[in-house]
Amino acid sequence: MQGKIRLALTKGRLEKDTVQLLEKAGLNMETIKNPQRKLILDIPGYPLEIILLKGSDVATYVEHGIADLGVVGKDILLEKPKPVYEVADLGFGACRMAVAGETSLCPDNKKLLRIASKYPRIAREHFESKGQSVEIIEQQGSVELAPLMGLSDVIVDIVETGNTLKANGLIVLEEILKISARLIVNKVSYKTRRIEVNALIDLLEKQVKIRR
Ligand code: PRP
Ligand code: MG
């Protein structure tokens, strides 16, 4: 007996939609709706354990096989690629990775563009593919402040509703790519726990199709 399979979920932004999807798929999600700060949760009636993590740690847990599956944003998979299988686009968590800045800015005229971002790799690859030299200034959050304070010329960040940009007088200058939540699977689990892993993938994929 190998015991329950383990699913790592991203806390925060993706959490509500993920829980809703799992609930629609027929799983009892009561424990997770009232976790009382617990990070390991059992799902009554289904051989599944859920752990709650920050997005980039979800991918790490799945890479190392501590979690068999994970739900994580595509932004994280692109910024820190891991050797895991990406098996489904779950559709929710939809947003855009974009270059944003002040309306008056003409970034094309700059020899060396200073970019503030939580996504240094995505930012660098995007600009270097266009032949634009960049200095990346890595940020942990509140990235929108950087151009306002003169730390950078532009930012590369996630835009969902656009409210944060608007509230800070910034606009989207260029869209880089579309982002959404993905279901990932550990490569070994995909083989050794094929039946259980596929059962969960099927369950979720069915719901995603219904919701489309
Ligand atoms: C994210 C992102 C943007 C904002 C986009 O920040 O970095 O700032 O949300 O959402 P919107 O278009 O709906 O306004 P988050 O709230 O995660 O905070 P942080 O960047 O400070 O970590
Ligand atoms: Mg932000």
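In listed order, ligands and their atoms are each counted from 1.
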When you measure from the heavy atoms of I158 to every atom of ligand 1, does any distance fall below 4.0 Å? yes
Checking heavy-atom distances from atom 22 (O) of ligand 1 to each of R96, K118, R13, the winner is K118
Given that the side chain starts at C-beta and the backbone is N, CA, C, O, which of these parts of T161 lies under 4.0 Å from ligand 1, counting heavy atoms, or is it both or neither? both
What pair of heavy atoms forms the shortest contact from V58 to G70, and how long is it? CG1-CA, 3.9 Å
Identity and separation of the nearest protein heavy atom to atom 2 (C) of ligand 1: D157 OD2, 3.4 Å
Of the protein's non-hydrogen atoms, which lies at the shortest distance from atom 8 (O) of ligand 1, and what is that distance? E144 OE2, 2.4 Å
Check each atom of ligand 1 against the heavy atoms of G141 and keep those under 4.0 Å away; list them by number with element. 19 (P), 20 (O), 21 (O), 22 (O)
Out of all atoms in ligand 1, which are within 4.0 Å of some heavy atom of G162? Include the element for each. 11 (P), 12 (O), 13 (O)
If you measure only the distance, is there a donor-acceptor pair under 3.5 Å linking the side chains of T192 and R194? no
Linked, directly or transitively: I136 and I76 (ILVMFWY side chains, under 4.5 Å): no
Ligand 1 and V143, any nitrogen or oxygen pair closer than 3.5 angstrom? no
Interatomic spacing from CG in D75 to NZ in K178 - rounded to 0.5 Å: 14.5 Å
About how many Å separate CG of N168 and CG of N163, when rounded to the nearest 0.5 Å? 10.5 Å
Of all protein heavy atoms, the one nearest atom 21 (O) of ligand 1 is S142 N, 2.9 Å
Can you find a non-hydrogen atom of K166 under 4.0 Å from ligand 1? no
Counting only N and O atoms by type, is there a donor-acceptor contact under 3.5 Å from the side chain of T31 to the main-chain atoms of L41? no
Which value, rounded to the nearest 0.5 Å, describes the distance between F127 atom CZ and I115 atom CD1? 3.5 Å
Among T18, D89, V71, V62, the one residue meeting side-chain contact (heavy atoms from CB on, under 4.5 Å) with L183: V71
Would you mind checking which non-hydrogen protein atom is closest to atom 4 (C) of ligand 1, with the distance to 0.1 Å? T164 OG1, 3.6 Å
